[in-house]
Structure formats: C-alpha cells, structure tokens
Amino acid sequence: MRFVAATALLAAAAVRADAADKLEDASSSVSSAIESVTSSLVPKPTFTPTTLKAPFLEQFTDDWESRWKASHAKKDDKSTEEEWAYIGNWAVEEPTVLKGMEGDKGLVIKDKAAHHAISAKFPKAINNKGKTLVVQYEVKLQNGLDCGGAYMKLLQDNKALHAEEFSNASPYVIMFGPDKCGATNKVHFIFRHKNPKTGEYEEKHLKNPPMARIVKTTSLYTLIVKPDNSFEIKIDGDSIRNGTLLEDFTPSVNPDKEIDDPKDTKPEDWVDEARIPDPEAKKPEDWDEDAPFEIVDEEATKPEDWLEDEPKTIPDPEAEKPEDWDDEEDGDWIPPTVPNPKCDEVSGCGKWEPPMKSNPAYKGKWSAPFIDNPAYKGEWKPRKIKNPNYFEDKTPSKFEPMGAIGFEIWTMQNDILFDNIYIGHSVEDAEKLKAETFDLKVAAEKAEEEANAPKPSDTPSAPSGLTFKEDPVTYIKEKATLFLDIAKKDPVQAVKLVPEVAGGLAVLLVTLAAILLSAIAPGSNAVPSKQQVKETAKKAKDAAVDAKDKAAEAVASGAEKAQAEVNKRTTRSTAS
C-alpha cells in the first residue's frame, strides 16, 4: 500500500513539474504584457544599413555568420588547475527589452554564468601608424549587469590568428569596454606594449578608468587614440576621460632612466634616527613612579537611602522546583537569583564602600624627553645608477597591426547585446554612424522607458514607508498587497499605479493555486492529467492576453508624449 502511495506521489510530482514549466511560460507572457504594450505604442525608426565605409564596420545583418566564428576552445586559467570550455551560445536578434529600432539586430550573449568567445577577422589588417584609431560600439544590458564583462579585444595580426581558435590566450593589442562585478565598475582601456629590448609584452592599464553605465537602454562606448599619443573615451557621445598613453597608464610605457644600485648597502655607522631620548635628562627627585592611578575618595559619604542590609540579588520568587528534581540525586534545589527590586529605587544595596577617584599625585613611569639627534645623517637611500634596461618609446600610439575583433567574456547575466561596431580612422564617420543608429534608437528607448515609469506623485509607496534597499522582502510583500487591493476595485488603475507588480503577480498566484488544488484536491486520489494541465496553462495565457489589453488602455495616454519626445530627439540628431 505504501508503495502505491509513493508511486502516486512521484507521479504527481512529475506532473506538477511539467505544470510548473507551462506555468513559467504563462507567467513570462503576463510579466511582459505591460512592456510589450507600451513598446507597441512608442513609435520607432526602422533600421537601414549604413552606407558608411570603414576598415571594419559591423551591423549584424543577415550575412553575419560569414564573418563571425564562435570559439569552442579551452580557456587557459592560470589561477586554477581547471580548464574552462567556451560553452556559451551566441545569437543575432532584436532586443527584447526597450527595443528602440525596428529590424535592428545585434550580437547577443545567450547564457548565464558561462564562458563566451566569438571573433571576426578583418578584411585586412588594421594599422594605425600615423593615423587616428577610432573604436566604437554599442552595448545593451537587457538584464542589467551585476557581475560580468562587456568589453572587446582587438587581436594582434599574426599567423596563429588564422590557425587557432580564439581564446583568452590569444594575444591582443587593445582591450576596451565595460566590466562590473561587485564594487568594481570600470571601462577598461588596456593596451599591450612590446619592450624593444627584451621583446616581451606588458599590459598597460588606464590609471583612472571611468565607470560603466549600468542601464537597460543602449550605451555607446567610443575610444579615440591620436598619433600624438593622446586618447579620449566617450560614453553616449559625452567626453568622459582624456589623457596620454605616456602619462596615464600603469606600469608606465617607458622605464626610469636611473634605478637604485642593487649593490649599494647602508654603512654600519649610518645614523638614521632623527630624534633620541635626551641623554642628559634626569628623573626629578619628587617623581613617584609607584603612585597609583586611582585612590579612595576619603571625602565621599554613604548616601542616606543606601540599603546596606539589603542584598544585591534575591532568590527568584516566581521560580519553582522542577517536578522531576530528586533531592537525593540532584542535591538540595536552590532557586535562581534575580536583581533585588528594592535596589532599583535607591542609590544602592549591600556593603557600602567609598568610590575611587583619580590620584592627583600620579605621574606614571618617567622617561627622558626626546631631542633632535646631533648625529643624524638623514634617511639613507641607495645611490642611483643608469638603468641598463632603459628605453624610450616616444610613440606608443603606433600599435601593432590588428587582424580581428573578439568578445571573450564571462558573465552572470545573459542577453547582453552588441551592435554597430566601428573600427577605423575617422572620428567624423563614427559620429555619423552614431547619428544614424544610436541617437535614433536611444531616443525611442528612453521614451518607452519614460512611458513605462510611474509618476512619483501618482505612485503609492509601501504602506510602512520602507524602500526596497531597506527591506526588500517586506517592500515586495507590501507592494503585492497594495496591487491586489487596488485591482479588486479597478484592474486598470492597479496596472498604472503599481506597474512593478502588474507583470503577472495576480495571474501567477491564481494559476498556481488552480494547478495545486487540482493536483491534490480533497477527496480525490487522482493525479491531474496532462490535458488538464494544458487547459490550466491555456487559461493562464488567456489571462495574460487580457492583462495585455488592459495594460494597453492604461498606458495609451502616454503615447502622445512619447511620440513628441522621439520627434524632438530625432530632429535634433538629423540636424547635427
């Protein structure tokens, strides 16, 4: 009988797992209802491939697979003995969050917590000697970024580049782009520099990198390096960091002309103590080192209300001897003690003793005062000699030829999208590409984001006044309760006022309850059939469609404002 019951429970668990998968699909449909409705109401430009030319310009059109190759090599991780495979998948698709342009596709990271690697060879090697180098690309963090990278690498042009799979071991010339994990948040700019004497390469890191923009709208990252060794980093077209390759990187490009002589040692008679105890000072005769720090206050008197006959603690009057206490085995039972309540009402209880006070005669242990050391020679430093490894590279901006671009990334968030990559020598053309693509799409994205966002004055706060950061669990519970209370009277108003819950909370709870009740209904030992599960899931999806229709009605009033914003920004971009 127990075996039969166990079999029934396992069967029920299997069906519920299947139901959970279908429920997740339904919930996903509901949660995206509000966003999809708003997205359809915000007008968007249509993608048109650019006519601009560059050594490398990628917009991920339908023939993208002829240029890009995903890597399945092993990642060489010297910090551990383990090898990591690049198992992360890539896709080229339109954004699913805040889409700003119809028909505009980008390269997307598809897996969470996975190593991804993909690269594309340049039609011919890019050499920037005597030319300005411009690197520009779009990054869209559709699920935000808690821990992971979104940077690119420009790979060194060599024979191995055409024979081996791309990996973290592939030599690169420049690494550029955002990276965030925990408190670390930066836009990398790293270049590899070859030592002309040893032939070894060394990474040069920007000393003060700017912070990455962690938003769900598209961000544009631009790096400009000029032949005079100056560089500029822009984010969304705004200049964020300027400097030179010779002064703003660590380790510095050129080593010091002189170094400390490793053979020089400090002389034995060298005196480097600046101050010493005065050798002529003597302890005063009246100095008592044995005088105590505190003494009894002889002037103190016992307070009039001091209860000297009252103990500080008394047996707990409410304590009772345990019923299983055996005096012969456990000994005489003694009740626990508690503070004497009579002592709380007076200055004190028990034997009174005068308090201690600071001893005015206390001086402590005597020590001689310090004076300047007459024999002091200063801080010793080894003498300087010429650096045998010194060299001077006056033009580190003459990077080695670059033969490919690669994204070699590990991230905890998926759906990071890259688009509109420009690598060339024209700042003007990069600006034109920005005007054709980024300026137009980000205007629509921000208009949609604004249409989705509740007005602060119209948005009910959590009843307790808590913020999400202060107490996330209580905040979410209170928001969910608030949404349900409003939805009972006016579902459309609930969608407008509490949009963060409107993504499917009510439908999700009702559907989950229906599935569980049908699976373990009182008086029935039957496990729900797959057909019943499908019917329940269908109801959930129908509810999602209904929620979408209601959401459309709720946000339609913001469409006109969104249109005006897009028109304003589009006109501004075209004029520039």
Side-chain angles (χ1 to χ4, degrees), residues 52-59 64 66-71 73 76 107 117-137 151-177 188-206 221-233 243-246 248-249 251-254 391-409 418 420-430 433:
L52 294 168
K53 303 296 181 183
F56 184 80
L57 201 161
E58 180 61 78
Q59 293 188 297
W64 72 275
S66 65
R67 297 180 293 276
W68 291 84
K69 179 183 178 182
S71 174
D76 181 18
L107 180 66
I118 194 169
S119 62
K121 296 176 184 176
F122 298 150
K124 64 177 183 179
I126 295 177
N127 191 327
N128 75 304
K129 291 183 180 179
K131 301 177 183 178
T132 295
L133 176 66
V134 183
V135 180
Q136 180 172 284
Y137 73 116
Y151 44 79
M152 65 159 61
K153 291 180 179 180
L154 301 183
L155 306 181
Q156 184 184 63
D157 186 53
N158 54 36
K159 293 181 179 179
L161 180 66
H162 304 279
E164 299 176 355
E165 280 198 286
F166 170 53
S167 73
N168 64 315
S170 301
Y172 69 90
V173 178
I174 289 175
M175 178 172 152
F176 173 64
H188 286 293
F189 175 20
I190 306 170
F191 68 93
R192 291 175 72 247
H193 181 263
K194 184 178 181 180
N195 186 314
K197 284 201 168 186
T198 65
E200 296 180 352
Y201 288 88
E202 187 175 45
E203 291 182 348
K204 309 297 180 181
H205 294 248
L206 181 60
Y221 291 89
T222 307
L223 170 65
I224 302 170
V225 182
K226 296 183 178 180
D228 63 359
N229 299 314
S230 66
F231 74 89
E232 180 180 16
I233 294 176
T244 72
L245 303 184
L246 291 170
D248 296 286
F249 286 77
S252 61
V253 170
N254 296 314
F391 63 85
E392 184 177 19
D393 182 354
K394 295 183 178 180
T395 55
S397 59
K398 293 181 179 179
F399 299 121
E400 293 189 339
M402 294 161 276
I405 177 178
F407 291 99
E408 189 266 316
I409 289 169
F418 305 105
N420 293 312
I421 304 171
Y422 175 94
I423 302 172
H425 309 293
S426 173
V427 175
E428 293 75 16
D429 283 353
L433 182 63

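The chain is numbered in sequence order, starting from 1.
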Between Tyr151 and Tyr221, does the side-chain contact (heavy atoms from CB on, under 4.5 Å) criterion hold? Intermediate values first, please. CA-CA 10 Å; Tyr151 44 79; Tyr221 291 89; over 6 Å; no
Hey, mind stepping through Glu58 and Leu107 against side-chain contact (heavy atoms from CB on, under 4.5 Å) and telling me if it holds? CA-CA 10 Å; Glu58 180 61 78; Leu107 180 66; over 6 Å; no
What verdict does the side-chain contact (heavy atoms from CB on, under 4.5 Å) test give for Met152 and Tyr172, after you've listed the backbone C-alpha separation in whole Å, the side-chain angles of each residue and the deciding distance to 0.1 Å? CA-CA 10 Å; Met152 65 159 61; Tyr172 69 90; over 6 Å; no
Apply side-chain contact (heavy atoms from CB on, under 4.5 Å) to the pair Gln156 and Tyr201, showing each step before the final yes or no. CA-CA 12 Å; Gln156 184 184 63; Tyr201 288 88; 3.1 Å; yes
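The structure places CG of Asn420 at 7.5 Å from CG of Leu57, a figure rounded to the nearest 0.5 Å. Expressed to the nearest 0.5 Å, how far CZ of Phe122 lies from CG of Leu154 amounts to 5.5 Å. Residue Asn168 holds its CG atom at 12.5 Å from CD1 of Ile409, rounded to the nearest 0.5 Å. Note: Ile190 CD1 to His205 NE2 = 4.0 Å, rounded to the nearest 0.5 Å. Between atom NZ of residue Lys194 and atom CD of residue Glu400 there is a gap of 6.0 Å, rounded to the nearest 0.5 Å. Atom OG in Ser426 sits 10.0 Å away from atom CD1 in Ile224 (nearest 0.5 Å).
In this structure, the ring of Phe231 has its center no less than 6.0 angstrom from the ring center of Phe191.
Taking the six-membered ring for Trp and thresholds of 30 and 60 degrees, Phe407 and Phe418 have nearly parallel ring planes, at less than 30 degrees apart. Between His193 and Phe391, the angle of the ring planes stays under 30°, which puts this pair in the parallel group of the 30/60° scheme.
Applying the 6.0 Å contact sphere to CD of Glu392 captures more than 12 heavy atoms from other residues, nucleotides or ligands. Sparse packing is recorded around NZ of Lys398, with 12 or fewer heavy atoms of other residues, nucleotides or ligands lying under 6.0 Å away.
Heavy-atom minimum distance, Pro55 versus Pro123: O-CD, 3.5 Å. The shortest non-hydrogen separation linking Gly177 to Tyr137 is CA-OH, 3.3 Å. Nearest heavy-atom pair, Pro401 versus Val173, reported as atom, atom and distance to 0.1 Å: O-CG2, 4.2 Å. The shortest heavy-atom contact between Asp429 and Lys53 is OD2-O, 3.9 Å. Listed here is the closest heavy atom pair of Trp68 and Ile405: CH2-CG2, 3.8 Å. Heavy-atom minimum distance, Lys204 versus Pro251: CD-O, 3.0 Å.
Put simply, the side chain of Gln59 reaches to within 4.5 Å of the side chain of Leu433, judged on heavy atoms. Two residues are said to be in side-chain contact when any heavy atoms from C-beta on lie closer than 4.5 Å; Thr244 and Phe249 fail this criterion.
Put simply, the side chain of Ser71 never gets that close to the backbone of Ser167: no donor and acceptor are under 3.5 Å apart. Formation of a donor-acceptor pair under 3.5 Å by the His425 side chain with backbone atoms of Leu133 is not found in this model. Not one N or O on the side chain of Ser119 forms a donor-acceptor pair closer than 3.5 Å with the backbone of Gly406. Judged by distance alone, the side chain of Asn229 and the main-chain N or O of Ser397 form a donor-acceptor pair under 3.5 Å. Side-chain N or O atoms of Asn254 include none that pairs as donor or acceptor with a backbone N or O of Leu246 at under 3.5 Å. Asp157 contributes no side-chain N or O that, together with a main-chain N or O of Ile126, makes up a donor-acceptor pair within less than 3.5 Å. A donor-acceptor pair is defined here as one N or O able to donate and one able to accept, closer than 3.5 Å; no such pair exists between the side chain of Lys121 and the backbone of Gly403.
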